[in-house]
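Since we're looking at a predicted model, the values are computed, not measured. Hydrogens, waters and symmetry mates are skipped; everything else that's a heavy atom, side chains included, is used. Just so it is clear: chains get the letters A, B, ... in the order the sequence lines come, proteins before strands, and each one is counted from 1.
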Protein chains: 2
Amino acid sequence: MNSIPIQELSKQTGITVRTLRYYDQIGLLIPASKTPGKHRIYSDVELRKLQQIQFLKKLGFSLQEISDMISSREWNWSTSLMNQLDFVHKEQRKLSQMESALRAVLHSIVVEGETSWAVIQKLIQLSGQDPSLKQSFRNQMFDEREVEMLSLLPNMNSADPDSLEWIALLGQLKRLMENSPDSPDVQRIVRRMDEKRLEHFEEEDSFVDKLWEIRKSPDQSEQMGLYPIEQELLEFMELAFHIYVTRKEEQQTERGETS
Amino acid sequence: MNSIPIQELSKQTGITVRTLRYYDQIGLLIPASKTPGKHRIYSDVELRKLQQIQFLKKLGFSLQEISDMISSREWNWSTSLMNQLDFVHKEQRKLSQMESALRAVLHSIVVEGETSWAVIQKLIQLSGQDPSLKQSFRNQMFDEREVEMLSLLPNMNSADPDSLEWIALLGQLKRLMENSPDSPDVQRIVRRMDEKRLEHFEEEDSFVDKLWEIRKSPDQSEQMGLYPIEQELLEFMELAFHIYVTRKEEQQTERGETS
DNA sequence: ATATAAGATGACGCAGTGTCACTTTCAAGC
DNA sequence: GCTTGAAAGTGACACTGCGTCATCTTATAT
């Protein structure tokens with residue numbers, strides 16, 4: 001039997017001395033013996049046991065659970081492993097929700113341009129409402145095919161590049177609101193928005209129109225669970241869009257295009 | 001100014017009375033006033049503030065952080081949001097590792113048939129080794145194309161149905177070791193294994209052979225980071241396989257097949 | 001014998017409540 | 001105005017898993 005002083009054990013396992021003493025205190029890992037001066041002495045039996053403890057900790061079990069597992073001779077491993085797996089899944093869901101909420105705030109700040117409590121307030125409104133109401137409103141306004149298309153819409157709390165560009169474009173547009181809606185800067189943004197619209201919703205004009213109507217009504221937007229965009233920005237956007245579309249048609253006419 | 005007693009506030013927000021008192025104590029949410037008898041009285045200002053606190057808690061911030069955010073007039077939101085997002089990602093990684101380790105134990109128990117500390121010991125060996133060594137050993141034994149194929153191998157800690165069936169088959173085989181390797185039960189399992197091999201590694205005989213050689217050497221298996229399968233089971237499997245292949249060839253010969 | 005490293009013990013702190021135990025206040029009915 | 005029961009108050013301990021002092025003792029090498 002080789003005797004291992006506490007610091008040795010600490011080095012070999014990476015567990016701090018403090019923790020080893022704590023494990024002794026709660027009876028999880030008791031040293032093989034002690035010197036007359038009460039210094040702890042471990043053996044390789046304890047070394048192995050400590051490694052087991054480390055491993056079980058990596059699985060996320062609490063020291064209490066580990067203690068039970070180690071002491072009990074016949075332990076129902078499958079059950080506790082499955083429970084633990086279940087627990088991990090729940091935690092993962094929580095984290096996903098946190099992630100998505102965090103993104104929503106970050107992106108809202110991009111759109112709003114300024115950081116303020118107003119952003120938080122808006123999101124509190126959104127997150128506070130009953131999701132089933134949202135669902136029924138969506139089903140009421142759109143047919144089945146259109147409801148599916150709704151899931152393709154850019155979203156405040158998603159991280160895909162497509163949504164990100166929409167958010168960025170909105171943010172830029174907002175900062176340009178002091179300019180004229182037919183200024184080149186504004187028109188370039190609107191052109192890009194139109195391109196993106198065509199990419200995803202070409203031939204779906206009626207859907208896009210319906211969506212735009214909802215967007216323009218703050219109440220309806222809220223019921224849909226859409227991030228509230230301020231009225232002025234929407235009006236500015238509509239104006240700029242109108243100008244853009246008109247010019248586009250003129251150019252096509254000049255070039256003698258028929259379609 | 002409407003005055004809200006503590007229980008009212010509790011009901012409206014879902015925060016317990018105890019927690020509200022604690023928030024008062026740490027100065028996070030101080031009631032608007034108190035009755036002469038020291039009962040707390042809140043107003044809708046505090047109601048809104050409490051909702052903000054709830055929201056920020058959903059983002060995973062600590063009460064201290066929330067306190068800072070609320071009290072400071074000019075807070076750098078973006079930075080703390082990004083930090084928090086970062087933190088969430090780290091937690092997610094931890095959970096993924098836990099999940100995969102948990103699956104490894106669960107699956108190992110299936111293969112071993114019995115639940116025992118030996119399983120844990122094996123996995124401790126595996127998880128304890130330096131992953132870079134594993135990497136270099138793999139690169140040393142296999143060429144580039146083959147290394148890619150390695151990632152298609154069934155794995156103890158994955159949850160895909162393919163891996164699951166391999167695990168299940170191994171577990172069944174182990175329980176049948178007392179039978180003769182040419183018993184129908186055993187042969188059916190070996191046939192299924194062979195089918196699965198063909199599904200994924202048809203035309204890759206040399207790769208499969210090389211892998212099998214490694215499997216048969218406990219040392220090499222360990223260096224590869226493969227779950228240790230006991231020698232007897234491997235030999236039993238090889239024997240059964242040999243019988244299976246021989247019979248298959250005989251049948252083909254009988255049927256007068258040439259290839 | 002002495003210096004010094006290593007060890008021991010004990011206590012506080014952290015985060016966010018739950019839970020007891022005991023006292024006081026409020027509001028309402030009489 | 002008095003009684004009563006509900007609601008509110010305060011204070012303290014518990015939980016998890018250690019980190020981090022501070023203070024005292026032991027082991028070890030010279």
Could you state the CD1-C1' distance from B/Ile4 to C/dC26, rounded to the nearest angstrom? 18 Å
Could you tell me whether the side chain of A/Ser221 and the main chain of A/Ile214 form a donor-acceptor pair under 3.5 Å? yes
Take the protein atom CD of A/Gln25 and the nucleotide atom C1' of C/dA8, then report the distance between them rounded to whole Å. 12 Å
Less than 3.5 Å apart, which donor and acceptor atoms pair up between the side chains of residues 46-57 of chain A and the rest of the protein, not counting sequence neighbours?
residue, atom, partner, partner atom, Å
A/Glu46, OE1, A/Ser43, N, 2.8
A/Glu46, OE1, A/Ser43, OG, 2.7
A/Gln54, NE2, A/Thr13, O, 2.9

Give a yes/no answer on whether the side chain of A/Thr19 brings an N or O atom under 4.0 Å of OP1 or OP2 in D/dG19. yes
For DNA chain D, determine which residues of residues 52-64 of chain B have any heavy atom closer than 4.0 angstrom to one of its atoms, and list them numerically. none
For A/Ser100 and A/Ser96, indicate whether the former's side chain and the latter's backbone hold a donor-acceptor pair under 3.5 Å. no
Quick check: do A/Leu211 and A/Leu153 have side-chain heavy atoms less than 4.5 Å from each other? yes
Do B/Gln125 and B/Gln129 have side-chain atoms, one donor and one acceptor, less than 3.5 Å apart? no
For residues 159-171 of chain A, dump all side-chain donor-acceptor pairs below 3.5 Å to protein atoms at least two apart in sequence or in another chain.
residue, atom, partner, partner atom, Å
A/Asp160, OD1, A/Ser158, OG, 3.0
A/Asp160, OD1, A/Ser163, OG, 2.8
A/Asp160, OD2, A/Ser163, N, 3.2
A/Asp160, OD2, A/Ser163, OG, 3.4
A/Asp162, OD1, A/Lys196, NZ, 2.7
A/Asp162, OD1, A/His200, NE2, 3.3
A/Asp162, OD2, A/His200, NE2, 3.3
A/Ser163, OG, A/Asn155, N, 3.2
A/Ser163, OG, A/Ser158, OG, 3.0
A/Glu165, OE1, A/Arg192, NH2, 3.0
A/Glu165, OE1, A/Lys196, NZ, 3.0
A/Glu165, OE2, A/Arg192, NE, 2.7

For A/Gln64, check side chain to side chain donor-acceptor pair (under 3.5 Å) against everything at least two apart and list the hits. A/Asp68
Which whole-number value in Å describes the distance from B/Leu29 CG to C/dT17 P? 13 Å
Report yes if a side-chain nitrogen or oxygen of A/Tyr22 is closer than 4.0 Å to either non-bridging phosphate oxygen (OP1 or OP2) of D/dT16; otherwise report no. no
Does a nitrogen or oxygen in the side chain of B/Thr35 sit under 4.0 Å from OP1 or OP2 of C/dT25? no
Contacts table for residues 17-28 of chain A: side-chain donor-acceptor under 3.5 angstrom, sequence neighbours left out:
residue, atom, partner, partner atom, Å
A/Thr19, OG1, A/Thr16, OG1, 2.7
A/Asp24, OD2, A/Arg40, NE, 2.6
A/Asp24, OD2, A/Arg40, NH2, 3.4

Can you check the A/Asp24 CG to C/dG10 C1' distance for me, whole Å? 15 Å
For the side chain of A/Ser10 and the backbone of A/Ile6, is there at least one donor-acceptor N/O pair under 3.5 Å apart? no
What pairs with A/Glu146 under salt bridge (Lys or Arg N to Asp or Glu O under 4.0 Å), at least two apart in sequence or on another chain? A/Lys210
Selection: residues 79-98 of chain B, any non-hydrogen atom under 4.0 Å of DNA chain D: none
Sequence-distant partners of B/Gln135, side chain to side chain donor-acceptor pair (under 3.5 Å), two or more places apart: none
Scan side-chain atoms only and decide if B/Glu65 and B/Gln84 contain a donor-acceptor pair under the 3.5 Å cut-off. no
Taking it one step at a time, do A/Asn157 and A/His107 satisfy side chain to side chain contact (heavy atoms under 4.5 Å, CB included)? CA-CA 7 Å; A/Asn157 44 32; A/His107 294 165; 6.0 Å; no
Pairwise N/O distances under 3.5 Å, protein to nucleotides 28-30 of chain D:
none

For atom CD of A/Glu65 and atom P of D/dC15, their distance in whole Å: 15 Å
For the helix from C/dA1-D/dT30 to C/dC30-D/dG1, measure the angle between the helix axis at one end and the axis at the other, each built from five pairs, rounding to 10°. 30°
Close side-chain approach of B/Leu106 to A/Met82, heavy-atom, < 4.5 Å: yes
Within the structure provided, determine whether B/Leu233 and B/Met177 are in side-chain contact (heavy-atom separation under 4.5 Å). yes
Applying salt bridge (charged side-chain N to carboxylate O under 4.0 Å, His left out), which residue pairs with at least one partner in residues 118-142 of chain A are found, sequence neighbours left out? A/Glu112-A/Lys122
Between P of D/dG17 and CG of A/Leu50, the distance in whole Å: 15 Å
Do nucleotides 2-14 of chain D as a string where each nucleotide becomes B, S or -: B if the base has a protein heavy atom under 4.0 Å, S if just the sugar-phosphate does, - if no protein is that close. ------SBB-B--
